[in-house]
Amino acid sequence: MGNCSGWGCPINVTVREGKAANLTRPDMKLPDGSPSPYQRICLKGYTNIERMYADTRLQYPLKRKGERGAGEWERISWDEAIAEITDTWKNLQGDFGPGAVGFLAGSGNVDSTVKTYADRLIACMGATVLHNCYDNTGVYCQYNHGALGATTTGGHNEYRDIVNAENIFVWGSNPSESFIVDYHFISEACEAGAKLVVIDPIFTTTAAKADLYVSIRPGTDGLLAAGIAQIAIRDGKIDVEHMRTKTVAPFLVKEDGFYLRLSDLGRAEAGSDQDRIMVYDGVQLAPFDEVEEPVLEGSFELEGFKVRPAYQILVDRFSAWTLDQISQYTDIPLDVIEEVASIYLSGRSMVLLGFGQDHYANGQTFYDGVFALADITGQECKHGAGSTCVDLTGAVAQGVQSTAGMNLDGAVAGPTVYVNHLPQLVEEGSIGEFDTAPRSMYIYYCNPLANMPDRQRWLSMLDKMDLVVVSDMVMSETAEYADIVLPVAFPFEKSDLTFRQTGFVKLIDQAVETPFEVKSDFDVITLLGRAMGFEQYFTQTLEDFLSSCVDNEVAQEAGVTWDKLQSEHAVWSHPEEPSVIGLNAPILTATGRLEFYHEGIKPMMDVGQEWDMLKESCWFWEPPLEAWHENPLFERYPLTFISERCKYKTHTIFNNVPALLEIDPEPFVKMSPSDAASRDINTGDIVRLYNDRGHVVLKAVVSNGCRKGVLVIDHGWEERNFIEGHYGDLSSIASWPRFEQDNWFDCLCEMEKVQ
Ligand SMILES: Nc1nc2c(c(=O)[nH]1)N[C@H]1C(S)=C(S)[C@@H](COP(=O)(O)OP(=O)(O)OC[C@H]3O[C@@H](n4cnc5c(=O)[nH]c(N)nc54)[C@H](O)[C@@H]3O)O[C@H]1N2
Ligand SMILES: Nc1nc2c(c(=O)[nH]1)N[C@H]1C(S)=C(S)[C@@H](COP(=O)(O)OP(=O)(O)OC[C@H]3O[C@@H](n4cnc5c(=O)[nH]c(N)nc54)[C@H](O)[C@@H]3O)O[C@H]1N2
Ligand code: SF4
Ligand SMILES: [Mo]
């Protein structure tokens, strides 16, 4: 129900006298009759009744009375709310164009099909899509390497395959907190003898279980990957056959960064099926599928073209760094780098990725590096190897296709703007080719003020908006700063379809009536759509919509029908074997190969920024934009502030659950003993973290598990939880030119004792 790696763990709700009274785990079976490994429920899942009936639940539509954020509201009727919103939107769109209204979705109830219904309204209105910037570097690098597969979201090995690994590298992730319901796969592998290696600046709860824990300097993981790759090359541990058949390694790259094709030689029409990529067999050029042993190394001038195999480009990039430099930058002793490499190369090694490195501006230097490492060593396309990713790589059930954007007589959404550009767009009125700044936002399933970086900039941007509407179940931190707040149904109060992370398509039946004047998101979007004048497109009932989403060919082939869902509620619709990319799941890239080299790569959003296509097309390493000891800012702000997941929270959605708050009542900042001592700080003291963007005041905890120079606050708190300020005030909105990414950890600050 939240964005928590489980996403939609199956829960049976017992109802007594119209109220949810108990939650239990269903007994779900795989097609072979064995219990589903994807049906655990975590400690938070069982508290959903408290969350649902908490006194922070919104009951009626509310309109702001006083200053923004002052907490003064008047209750209004749904008719008044819908009329005020749609009148304003009509005026704004009339005066400034369709893009003057923007819709921002987050990841609350991430796998909800109902959530997609807003796409219908967005298309009808031609409104701006405000795209959040969560996890984008990690996801895009995974996409660019293997493509987001159909049967696992991440295009890796599905979680069930973890048990087949001989070595598990938890690298930039803390699965014992962030992957609770699937951690058993790691435990099972370890019980069967797998080695667990954890690479993290923090000695996490997962590190406590590791055979080898490696403390790394933040933002340098790409260099460690390059170091392991160099050792593999030095020791002859590369897999030439794998490179030749499954990767782009032999493909010849011209000086302009594009592959040499038959059309370059005038022997095929550019872009046609015949226009194949060329390789070199040592004597002559030939299309890649006509040569068994293409050359992987060297630099050649052939038929008038200067070319290098993609593998040679990668080797040149790796060898720009010596092992000594890598040791110095990563702050890992050489013998430990050798030990890590020898474990990685010793058997089937699987890397469990997370989003630690994704949260730095240079995150791609890690993801591109770790995939290139697997490509050259053949640690993929087989059981127990490759990579998998927290929050992304569970089994995706087949057959659900949202119809929200269909049959609209050609109506399509307006431009997509990634929100880290939004403050600038609103402040300046245009940015690159985007010349319509949103003047109103509809925020749904999202709590941006709590979760996005540079909160002060967000606050001043909201002040410039004519109308901010938030639909939520609770008075979230963002709702507190809205003009109109719409109360929506809890997941047990509306029907829905989910299909990710468990391999089952699940029909969630509405268990209890919506309380007070709460409405489901589906009904809210329908009311807004009709009031905007699109009555003909908003005639469906929720059942019509949900059933239409499983009325497609894939569903038919997979045996998923609306009738079956109504009687069985959960229908397994996934291959029985765990998906392994390149083995039993297709590689869906443009070349059909795993790509450590990216031909003609483009930035995620073109706002006229400067960027270097040739550099970005293959692995390289540069430090994070801000959190780096050679940055002049480091003299004033020598501490890197990061956060970690905590088992008591899924972002902010359990913030109102008394049972969880009893165990984990307030935020605290963890720091190393030496950083604490040099500032005269002890556990329990109140400290202030600050930089030029803002500050936050909270309790201190001194911890031996914390790396010197790094401060950690667990993620998911809101303004009301801090003594003063906000951790979102510290982080920057700046990102790498190729990626639209929130880089929460790429953040320097200083700390002082308050009392
Ligand atoms: N309980 C719970 N589970 C969740 C969520 C939640 O909110 N609560 N959120 C879900 C979502 S949306 C996501 S994206 C995933 C995130 O899943 P994870 O990435 O597993 O979550 P984090 O705890 O943020 O783990 C990041 C780890 O990276 C480490 N780290 C920080 N900087 C570096 C670095 O430079 N190098 C290396 N090697 N490590 C570094 C941190 O110390 C931390 O241990 O979790 C999902 N699961
Ligand atoms: N400091 C720091 N900040 C981070 C991170 C970090 O590691 N450190 N991680 C980031 C990451 S990876 C992520 S994915 C983001 C997540 O950021 P968000 O997507 O903003 O996450 P949530 O806090 O889950 O907010 C979801 C909101 O949706 C509401 N909601 C839930 N269900 C529904 C529904 O059915 N309908 C409607 N209308 N609303 C609903 C919830 O009540 C909640 O207020 O946070 C990011 N922020
Ligand atoms: S909070 Fe997430 S992991 Fe826990 S039960 Fe709910 S969906 Fe599953
Ligand atoms: Mo995330």
Side-chain angles (χ1 to χ4, degrees), residues 1-11 23 25 38-48 51 106-111 132-136 138-139 169-183 198-207 214-225 330 332 351-360 362-363 365-366 370 389-392 394 451 491 498 500-502 623-624 627 640-654 657 660 664 670 705-707 710-712 714-716 742-747:
M1 271 178 293
N3 185 1
C4 54
S5 212
W7 284 25
C9 302
I11 298 181
L23 303 179
R25 195 179 102 170
Y38 289 123
Q39 57 175 327
R40 284 163 169 78
I41 300 173
C42 81
L43 72 173
K44 290 166 294 181
Y46 284 112
T47 69
N48 266 308
R51 178 180 161 219
S107 63
N109 205 352
V110 61
D111 195 21
N132 65 58
C133 298
Y134 313 145
D135 308 331
N136 283 343
V139 171
F169 283 72
V170 170
W171 200 341
S173 159
N174 186 11
S176 57
E177 309 277 329
S178 66
F179 190 62
I180 303 172
V181 289
D182 294 306
Y183 192 86
V198 173
I199 303 165
D200 201 298
I202 306 300
F203 187 79
T204 59
T205 45
T206 312
V214 180
S215 172
I216 190 165
R217 175 178 281 143
T220 62
D221 300 83
L223 285 176
L224 179 59
T330 56
I332 304 174
V351 179
L352 181 72
L353 301 164
F355 291 90
Q357 299 89 348
D358 166 273
H359 295 359
Y360 299 85
N362 72 339
T365 64
F366 167 64
V370 82
C389 181
V390 169
D391 211 41
L392 209 64
N451 291 322
T498 68
R500 290 197 175 87
Q501 298 297 71
T502 68
T640 299
F641 155 60
I642 69 174
S643 45
E644 60 182 350
R645 262 56 185 167
C646 152
K647 61 172 80 64
Y648 307 114
K649 296 194 165 300
T650 294
H651 311 289
T652 61
I653 66 173
F654 290 98
V657 173
L660 295 172
D664 188 29
K670 277 195 296 192
C706 211
R707 191 185 162 86
V710 177
L711 302 177
V712 192
D714 58 351
H715 159 62
D742 286 335
N743 298 304
W744 299 274
F745 303 177
D746 203 343
C747 173

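First listed ligand is number 1; within each ligand, the first listed atom is number 1.
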On a heavy-atom basis, I'd like to know which of Val181, Asp714, Asn174, Asp200 is closest to atom 41 (C) of ligand 1.
Asp200

Heavy-atom nearest option to atom 8 (Fe) of ligand 3, drawn from Cys9, Gly6, Cys42:
Cys9

the protein heavy atom lying closest to atom 6 (Fe) of ligand 3 turns out to be Gly45 CA, 3.9 Å

Of all protein heavy atoms, the one nearest atom 16 (C) of ligand 1 is Arg645 NE, 3.7 Å

Taking atom 35 (O) of ligand 1 as the reference point, the nearest protein heavy atom with its distance:
Gly219 N, 2.9 Å

Heavy-atom proximity to atom 17 (O) of ligand 1, best of Leu392, Val139, Val390:
Val390

If you scan protein heavy atoms around atom 18 (P) of ligand 1, the nearest is Ser178 OG, 3.7 Å

side-chain contact (heavy atoms from CB on, under 4.5 Å) for Asp391 and Trp7? Distances and angles first, verdict last.
CA-CA 8 Å; Asp391 211 41; Trp7 284 25; 2.8 Å; yes

Is ligand 1 under 4.0 Å from a heavy atom in the side chain of Asn3, in the backbone, in both, or in neither?
both

Structural part of Phe745 in contact with ligand 1, heavy atom criterion under 4.0 angstrom:
side chain

Would you kindly specify which portion of Lys44 sits under 4.0 Å from ligand 1, judged on non-hydrogen atoms: side chain, backbone, both or neither?
side chain

Partner of Phe366 by side-chain contact (heavy atoms from CB on, under 4.5 Å), out of Asp358, Asp221, Leu223:
Asp221

Just jot down the ligand 3 atoms closer than 4.0 angstrom to any heavy atom of Cys4, in number order.
1 (S), 2 (Fe), 3 (S), 7 (S)

Heavy atom of Gly716, distance to ligand 1 below 4.0 Å
no

Closest non-hydrogen protein atom to atom 39 (N) of ligand 1, residue and atom name please, with distance?
Pro201 CD, 3.2 Å

Would you check whether Val181 reaches within less than 4.0 Å of ligand 3, judged by its heavy atoms?
yes

Heavy-atom nearest neighbour in the protein, as seen from atom 7 (O) of ligand 1, with distance rounded to 0.1 Å:
His651 N, 2.9 Å

Protein contact of atom 36 (N) of ligand 1 - nearest heavy atom, named by residue and atom, plus distance:
Asp221 OD1, 2.7 Å

I'd like the name of whichever of Asp358, Asp746, Asp391, Ile642 reaches closest to atom 11 (C) of ligand 1 through any heavy atom.
Asp391

When distances are taken from atom 32 (N) of ligand 1, the protein heavy atom at minimum range is Tyr360 OH, 2.7 Å

For the residue pair Thr220 and Thr330, confirm or rule out a side-chain donor-acceptor distance under 3.5 Å.
no

I'd like to know if Cys646 contacts ligand 1, where contact means a heavy-atom distance under 4.0 Å to any ligand atom.
yes

Side chain or backbone of Phe179 under 4.0 Å from ligand 1, or both, or neither, by non-hydrogen atoms?
neither

I'd like to check whether Lys649 has a polar contact with ligand 1, where a contact means an N/O of the residue lying under 3.5 Å from an N/O of the ligand.
yes

Short version for Ser107: what comes under 4.0 Å of ligand 1, heavy atoms counted, is neither

OH of Tyr183 to OG1 of Thr206, rounded to nearest 0.5 Å, is 5.0 Å

